[in-house]
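Residue numbering restarts at 1 for every chain, and letters A, B, ... go by the order of the sequence lines.
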4 protein chains.
Amino acid sequence: MSKNHKRSCPVGRWQRRKEARPGEIIDAALELFCEKGFAGTRMDDVARHAGVTKGTVYLYFENKEALFYALVNEMVVPQVERAENMIANYTGSAASLIEILIKQWHENIIKTKLSGIPKLIISESGNFPELAKFYIDNVIQRGRRMMARVIEKGIERGEFIKCDPDYVSRVILSSMVFTAVWERSLASLDDETYDVEKFFDTQFEIMLSGLKKTK
Amino acid sequence: MSKNHKRSCPVGRWQRRKEARPGEIIDAALELFCEKGFAGTRMDDVARHAGVTKGTVYLYFENKEALFYALVNEMVVPQVERAENMIANYTGSAASLIEILIKQWHENIIKTKLSGIPKLIISESGNFPELAKFYIDNVIQRGRRMMARVIEKGIERGEFIKCDPDYVSRVILSSMVFTAVWERSLASLDDETYDVEKFFDTQFEIMLSGLKKTK
Amino acid sequence: MSKNHKRSCPVGRWQRRKEARPGEIIDAALELFCEKGFAGTRMDDVARHAGVTKGTVYLYFENKEALFYALVNEMVVPQVERAENMIANYTGSAASLIEILIKQWHENIIKTKLSGIPKLIISESGNFPELAKFYIDNVIQRGRRMMARVIEKGIERGEFIKCDPDYVSRVILSSMVFTAVWERSLASLDDETYDVEKFFDTQFEIMLSGLKKTK
Amino acid sequence: MSKNHKRSCPVGRWQRRKEARPGEIIDAALELFCEKGFAGTRMDDVARHAGVTKGTVYLYFENKEALFYALVNEMVVPQVERAENMIANYTGSAASLIEILIKQWHENIIKTKLSGIPKLIISESGNFPELAKFYIDNVIQRGRRMMARVIEKGIERGEFIKCDPDYVSRVILSSMVFTAVWERSLASLDDETYDVEKFFDTQFEIMLSGLKKTK
DNA sequence: GATGAATGAGTGTTCATTCAT
DNA sequence: GATGAATGAACACTCATTCAT
């Protein structure tokens with residue numbers, strides 16, 4: 001009847017949260033790995049950030065590395081799929097699709113904790129090449145192909161000038177991805193602040209006016 | 001990762017001890033820090049890579065952190081100065097200057113070990129905010145201003161359309177810097193290889209045709 | 001291995017809690033302690049082997065150590081009593097009594113899980129001196145006296161030559177006990193297999209012909 | 001000139017003992033592993049017993065298990081070889097050779113730290129089957145064959161009655177080995193003390209008079 | 001009674017740093 | 001100057017034990 005009947009049992013040490021735990025731990029790990037790096041993050045810290053003790057982390061993840069892998073798996077693939085679906089169903093112009101993709105990148109990645117992933121993968125690529133490879137194959141390459149297909153469509157539709165869709169895709173994505181990396185690393189230390197939205201608008205305008213056919 | 005990075009004396013951090021130039025140590029450290037991260041690199045490895053023993057590293061650098069600071073200081077400032085001098089003396093068009101800057105970035109940074117620096121700073125920014133701050137102030141901001149001045153000149157000279165030079169500068173630099181980061185992290189793991197030169201050409205063309213005034 | 005074995009309350013150590021008989025737990029513990037040692041055995045394993053969960057073990061035994069003590073107490077004393085009764089009622093020759101004792105050792109100890117006890121006690125004597133002491137006083141010494149009495153009787157009856165019954169007892173028992181230890185430790189790893197029965201026959205024959213008076 | 005010129009440098013933290021270290025560590029490990037078991041022994045304890053700190057142990061042994069393996073390797077093989085050489089060169093009677101072997105077992109094994117090895121191997125056989133196998137193949141089996149060959153020779157020379165040398169060998173060795181195990185485990189806890197020498201004398205006499213041919 | 005999620009003390013192992021040689 | 005044996009603090013991971021359900 002009352003909305004808080006769950007709280008009738010006092011919040012204590014023995015709360016069971018089997019369902020929620022892994023997600024909480026992964027969130028904590030993402031934040032900390034991204035901030036301090038994999039090696040620089042203590043399992044104890046991850047645990048404390050997730051509101052549990054060290055031992056509990058090991059109930060859900062075999063070891064630190066498994067936690068890292070789970071984190072990337074969990075966080076990354078759904079995003080790619082969402083974007084691919086969006087593109088598949090889109091019927092408007094290539095230019096407007098690019099605009100939407102950039103906007104969504106801003107809303108769903110840059111503004112969320114997900115923006116930590118690219119920085120994390122890049123930072124740890126030397127120590128976890130296999131994981132980096134997974135990310136390249138399942139995120140980067142798919143992203144690249146998505147954007148390339150959009151460009152291609154724009155060329156086919158007569159919207160865009162002739163160009164190599166793969167390279168144009170890389171150029172557009174590079175500053176999008178860099179922005180995520182930047183926001184999660186140096187942005188907060190830079191006293192010359194900027195407006196991410198305006199950044200993306202600028203990028204969009206220049207790129208598009210460079211790509212658009214002038215009739 | 002020790003939590004007292006910040007407590008180590010900030011004075012004298014930037015000097016190497018002695019006259020001798022343990023450039024090999026710095027080179028080894030750059031390579032290894034970039035590959036494995038600061039925490040993941042053992043002083044022993046740095047030493048061995050430099051052809052000396054562990055103790056010797058400590059003759060020249062007070063500790064691991066000092067080595068990191070020295071590395072960044074040593075490697076970074078000369079580049080910026082070189083670029084600034086180049087711009088100051090340049091008399092041609094803004095467009096051609098941008099082309100030259102991109103080419104030099106490719107030749108002098110991307111193709112050399114120096115490209116490891118941005119990846120390293122980004123990766124370790126959470127653990128070494130002071131160092132990151134130094135890098136931002138002495139490299140990033142100066143680079144941004146350089147590029148912005150070029151754009152500004154282009155607008156003044158009637159070459160370019162009206163735009164916000166600061167944001168355009170950020171857009172151009174973002175994919176340039178990202179390319180360095182990419183080459184030092186994921187590029188070697190990506191089976192879809194690409195030609196960096198063509199990447200920069202594509203970027204240059206699109207950006208420029210987006211910026212150029214059409215008479 | 002905690003250093004405070006000795007501090008755990010010595011009273012009540014020998015009792016199982018509750019009426020129910022968690023014989024399966026003790027069986028599981030015997031098997032696992034014997035195989036992996038006390039420290040090397042996880043309570044979780046004991047529980048799983050006994051078909052219950054970890055918590056349940058603690059319903060019946062105060063802690064791991066208490067389980068060990070209960071195990072030894074449970075398993076050991078009945079055997080000694082059975083043997084003592086057998087001897088008390090025996091009326092035949094000393095030689096045939098020895099033969100019977102060896103046979104029974106083979107049947108009731110060597111061939112059963114009980115053979116694990118000596119190996120276990122020996123292995124853990126350093127960590128559980130009190131328990132080892134209990135075993136010595138209640139099993140070893142009583143066994144030694146039993147065998148010594150048989151020898152003595154043999155001497156008295158004129159069957160055996162004059163000898164020190166205590167030492168002869170020790171010699172006979174040493175290979176009997178060793179066989180139990182061997183079977184529970186190295187036997188299965190030795191590719192030079194042997195027949196335990198023939199081993200005991202050989203021992204019996206040699207010892208007896210060495211002991212018997214030649215008229 | 002003075003005998004203690006080595007002591008002229010004060011005993012301190014920085015003494016280098018590269019040559020001596022491994023042996024000291026192995027000695028400490030043997031004692032502690034035997035007393036507390038492998039799992040129950042802390043590397044810290046081993047180190048302290050050897051007069052060093054934990055880190056130093058890892059300079060010489062890759063890990064705890066490697067230390068265990070090294071210990072067995074180091075300690076065991078030389079003994080077997082010594083015994084085999086002795087037998088090969090022996091020209092006297094089989095009976096006297098057995099007597100010598102028992103005496104040497106007493107002097108060189110039982111009375112020394114080496115007597116800890118059998119107990120240790122037996123205790124840890126479940127956790128280190130490979131090491132146990134090594135011990136069986138290189139020590140036990142060779143010991144068994146040695147003793148069997150002596151018995152065989154005794155039979156050939158007409159000293160001993162017909163019997164199966166392999167089984168007789170096993171019977172004799174079982175109480176010899178057991179004595180080592182006993183001395184390193186329960187002996188010190190047993191208030192019924194005994195004289196090991198007399199034990200072996202008793203064994204020798206009974207066995208021999210059981211084996212000897214009566215003309 | 002039984003469960004199993006959670007705890008936290010304990011231990012193996014690593015590695016930056018020191019300093020006698 | 002250079003070495004490398006030694007140190008010891010730090011951290012990943014384990015597991016006996018607890019207790020809310």
Output the rounded distance in Å from [atom1] ([X]) to [atom2] ([N]).
X: A:L32; N: F:dA12; atom1: CG; atom2: P; value: 12 Å
X: D:F61; N: E:dG12; atom1: CZ; atom2: P; value: 15 Å
X: C:I25; N: E:dG1; atom1: CD1; atom2: C1'; value: 12 Å
X: A:K36; N: F:dC11; atom1: NZ; atom2: P; value: 10 Å
X: D:R48; N: F:dG8; atom1: CZ; atom2: C1'; value: 12 Å
X: D:F68; N: E:dG12; atom1: CZ; atom2: P; value: 14 Å
X: A:L59; N: F:dC15; atom1: CG; atom2: P; value: 13 Å
X: D:L67; N: E:dT11; atom1: CG; atom2: P; value: 17 Å

Please confirm whether the shortest side-chain N or O distance from [X] to OP1 or OP2 of [N] is below 4.0 Å.
X: B:Y60; N: F:dA2; result: yes
X: A:T56; N: E:dA5; result: no
X: C:Y58; N: F:dC19; result: no

**Request:** Identify, between A:E65 and C:T41, the residue whose nearest nucleotide on DNA chain F lies closer to the 5' end.
**Result:**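 The residue closer to the strand's 5' end, by nearest nucleotide, is A:E65.
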**Prompt:** How do D:G51 and D:K54 order along DNA chain F: which one's closest nucleotide is nearer the 5' end?
**Reply:**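 The answer here is D:G51.
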**Request:** Give a yes or no on whether a donor-acceptor pair under 3.5 Å exists between the nucleobase atoms of E:dT13, that is its base, and the side chain of D:K64.
**Result:**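 In this structure, the two groups form no donor-acceptor pair.
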**Asked** Quick one: on DNA chain E, does B:G55 or C:T53 contact a more 5' nucleotide (nearest heavy atom)?
**Response** C:T53
**Item:** Earlier contact from the 5' end, DNA chain E, for A:V57 and D:F38
**Value:**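 Counting from the 5' end, the first nearest nucleotide belongs to A:V57.
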**Message:** In the structure I gave you, are the side-chain heavy atoms of D:T56 and D:Y60 within less than 4.5 Å of one another anywhere?
**Reply:** yes
**Request:** Evaluate the side-chain proximity of D:F33 to D:K64: yes if any heavy-atom separation is below 4.5 Å, no if none is.
**Result:**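 Yes - at least one pair of side-chain heavy atoms lies under 4.5 Å apart.
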**Fill in**
Hits for ring-ring contact (aromatic ring centres under 6.0 Å, His included) against D:F128, two or more places apart or cross-chain, chain-then-number order -> D:F38, D:F68
**Item:** OG-CG distance between D:S185 and D:L120, expressed to the nearest 0.5 angstrom
**Value:**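 The distance works out to 12.0 Å.
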**Message:** Show me the dot-bracket string of DNA chain E, counting Watson-Crick or G-U pairs under 3.5 Å, with | for pairs to another strand and [ ] for crossing ones.
**Reply:** .||||||||||||||||||||
**Asked** Is A:K133 paired with A:E130 through a side-chain N to carboxylate O contact shorter than 4.0 Å?
**Response**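 Between A:K133 and A:E130 there is no salt bridge, as every charged N stays at least 4.0 Å from the carboxylate O atoms.
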**Request:** Check whether the side chains of B:S123 and A:S123 place a donor and an acceptor atom closer than 3.5 Å, and report yes or no.
**Result:** yes
**Prompt:** Which pair of heavy atoms, one from A:L30 and one from A:K113, lies closest together, and at what distance?
**Reply:**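 Minimum heavy-atom separation between A:L30 and A:K113: CD2-O, 3.5 Å.
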**Message:** So if I take every side-chain heavy atom of A:R42 and compare against F:dT7, E:dA6, F:dC11, which nucleotide ends up nearest?
**Reply:** F:dC11
